[in-house]
Amino acid sequence: MRSKELETYLDHYRMVCPEITEEELTYISDVVHISAYKSKDFYLKEGQVQTSIGFLVSGLIRAFYVDEKGNEISTWFSKENEYVTDYPAYIRQNPAKFHFQCIEPSVVINLPYMDMQAGYRKFKNLELYGRLVAEEVVVLLQSRIESFLFQNAEQRYLDFMSRNPTLFNRISLTDLSSYLGIERQSLSRIRKSLTQK
């Protein structure tokens, strides 16, 4: 009997790769494990090697690094039905460059790296799923780079909110302003001016 959390994870496979077979889903079911975290727990710390890729079933996790002044700079937020990973480091099995900390109590399904690679070799649809997820990661990372190159602060804020409407009351202004690369006071002004339009 598969748990509700596991079914949520497998539904992501079905959505991304409708051709996936029950045999392939059973392979995944047999190798993953589920972890539960409290708010403020770390899923992964900078310098650790991520031996399993995490899929967030419920909760919210922030990725950040600490700059030379000791400030925490948010680089990513992972919400329900998204992966939690420093992907370039993960696929090379190098130490992570970022901390991943739970903003909310979180449940993560972990797929071990070695089992993921074995699944790619054994099942064509698992390999296809992995490629499609990797392509999505590349698109998201490129979008983040382009937002800093081609958008002003207000456009970055509006773009973030349109992509993540459920996060409005779940992320602190401090974390959001560091993610957007603007001062907290500037973000407050942007939000205020938008409500007056």
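Just so you know, residue 1 is the first one in the sequence shown, and it goes up from there. The figures here come from the full heavy-atom set of this structure, side chains too, leaving out hydrogens, waters and symmetry mates.
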- Thr85 (side chain) donor-acceptor with Ile53 (main chain) under 3.5 angstrom: no
- Can you name the closest pair of heavy atoms from Cys17 and Asn125 and give their distance? SG-O, 3.8 Å
- Item | Pairing residues for Glu80 by the salt bridge (Lys or Arg N to Asp or Glu O under 4.0 Å) criterion, not counting sequence neighbours | Arg170
- Query: Taking atom types as modelled, is there a side-chain donor on Arg144 or Ser147 under 3.5 Å from an acceptor on the other?
  - Reply: no
- Item | Short side-chain to backbone donor-acceptor contact, Ser106 and Glu104, under 3.5 Å | yes
- Heavy-atom check, side chain of Leu128 versus side chain of Phe123, under 4.5 Å: no
- Query: Do Val138 and Tyr87 have side-chain heavy atoms sitting under 4.5 Å apart?
  - Reply: no
- Task: Mind checking the CG-CD spacing from Leu180 to Gln155? Nearest 0.5 Å is all I need.
- Result: 12.0 Å
- Task: Quick one: pull up CD in Gln101 and CG in Leu60 and give me the separation to the nearest 0.5 Å.
- Result: 11.0 Å
- Look at atom CE of Met114 and say whether more than 12 heavy atoms of other residues, nucleotides or ligands are closer to it than 6.0 Å. no
- Message: As a quick check of understanding, evaluate side chain to side chain contact (heavy atoms under 4.5 Å, CB included) for Leu111 and Phe55, giving each step before the final call.
- Response: CA-CA 8 Å; Leu111 173 61; Phe55 183 84; over 6 Å; no
- Message: I'd like to check the salt bridge (Lys or Arg N to Asp or Glu O under 4.0 Å) partners of Glu183; sequence neighbours left out, ordered by chain and number.
- Response: none
- Query: Which pairs count as salt bridge (charged side-chain N to carboxylate O under 4.0 Å, His left out) when at least one residue sits in residues 119-137, sequence neighbours excluded?
  - Reply: Arg131-Glu135
- Apply the test salt bridge (Lys or Arg N to Asp or Glu O under 4.0 Å) to residues Glu7 and Lys4: give CA-CA distance (whole Å), side-chain angles for both, the deciding distance (0.1 Å), then the verdict. CA-CA 5 Å; Glu7 276 301 330; Lys4 187 173 68 125; over 6 Å; no
- Results of side-chain contact (heavy atoms from CB on, under 4.5 Å) for Arg191 - residues two or more places apart only: Tyr157, Phe168, Leu173, Leu187
- Query: Is there any salt bridge (charged side-chain N to carboxylate O under 4.0 Å, His left out) pair reaching into residues 58-72, and which pairs are they, with sequence neighbours excluded?
  - Reply: Arg62-Glu72, Arg62-Asp175
- Going only through I, L, V, M, F, W and Y residues with side-chain contacts under 4.5 Å, is there a path from Phe160 to Ile103? yes
- Can you tell me how far CG of Leu10 sits from OG of Ser29, rounded to the nearest 0.5 angstrom? 4.5 Å
- Qualifying salt bridge (charged side-chain N to carboxylate O under 4.0 Å, His left out) pairs, either residue in residues 36-53, two or more places apart: none
- Item | Pairing residues for Pro88 by the side-chain contact (heavy atoms from CB on, under 4.5 Å) criterion, not counting sequence neighbours | Asp86, Arg92
- Without hydrogens or angle criteria, can the side chains of Asn71 and Ser178 be said to hold a donor-acceptor pair below 3.5 Å? no
- Query: Considering only heavy atoms from C-beta outward, does the side chain of Tyr9 approach that of Val32 to under 4.5 Å?
  - Reply: yes
- Message: Looking at every non-hydrogen atom in both residues, tell me the closest pair between Ala89 and Pro95 and how far apart they are.
- Response: CB-O, 3.7 Å
- Query: Looking at CD of Glu5 and CD1 of Ile109, how far apart are the two atoms once the value is rounded to the nearest 0.5 Å?
  - Reply: 6.5 Å
- Leu126 and Tyr13: which non-hydrogen atoms are nearest, and at how many Å? CD2-CE2, 3.9 Å
- Message: Enumerate the salt bridge (charged side-chain N to carboxylate O under 4.0 Å, His left out) contacts for residues 16-31, please, sequence neighbours excluded, ordered by first and then second residue.
- Response: Arg2-Glu22
- Nearest heavy-atom contact between Tyr179 and Thr75 is CE1-O, 3.2 Å
- Query: How close do Gly181 and Arg156 get, heavy atom to heavy atom, and via which atoms?
  - Reply: O-NH2, 4.0 Å
- Message: Running the 4.5 Å side-chain criterion over Ile, Leu, Val, Met, Phe, Trp and Tyr, what cluster does Val139 land in, apart from itself?
- Response: none
- Any side-chain heavy atom of Trp76 within less than 4.5 Å of one from Ser74? no
- Task: May I ask you to test the Val49-Tyr90 pair for a side-chain heavy-atom distance under 4.5 Å?
- Result: no
- Query: Residues sharing Val108's hydrophobic cluster, by side-chain heavy-atom contacts under 4.5 Å among ILVMFWY, directly or via others?
  - Reply: Tyr37, Tyr43, Leu44, Leu56, Ile61, Tyr65, Ile73, Val84, Phe98, Phe100
- Message: With a 4.5 Å cut-off on side-chain heavy atoms, are Asn110 and Ile34 touching?
- Response: no
- Is there a path of hydrophobic side-chain contacts, each under 4.5 Å between heavy atoms of I, L, V, M, F, W or Y residues, that connects Val31 with Tyr120? yes
- Query: Between CG of Leu176 and CG of Leu167, what distance do you get to the nearest 0.5 Å?
  - Reply: 9.0 Å
- Item | Gap separating the NE2 atom of His99 from the CD atom of Gln48, nearest 0.5 angstrom | 9.5 Å
- Note on the structure: Tracing side-chain contacts under 4.5 Å among Ile, Leu, Val, Met, Phe, Trp and Tyr outward from Phe64 reaches Phe42, Val66
- Message: Test of understanding: clusters of I, L, V, M, F, W, Y form through side-chain heavy atoms closer than 4.5 Å, transitively. Do Val133 and Leu140 belong to the same one?
- Response: no
- Which atom of Gln50 lies closest to which atom of Ser52, heavy atoms considered: CG-O, 2.9 Å
- Flag side-chain contact, heavy atom, 4.5 Å: Leu158 against Ile190: no
- Would you mind listing the cluster partners of Leu149? Hydrophobic ones only (ILVMFWY), side-chain contacts under 4.5 Å, chaining allowed. Ile145, Phe150
- Taking the side chain as every heavy atom from C-beta outward, state whether Thr51 and Gln93 have any atom pair closer than 4.5 Å. yes
- Message: In terms of relative ring orientation, are Tyr129 and His12 parallel, tilted or perpendicular, with 30° and 60° separating the classes?
- Response: perpendicular
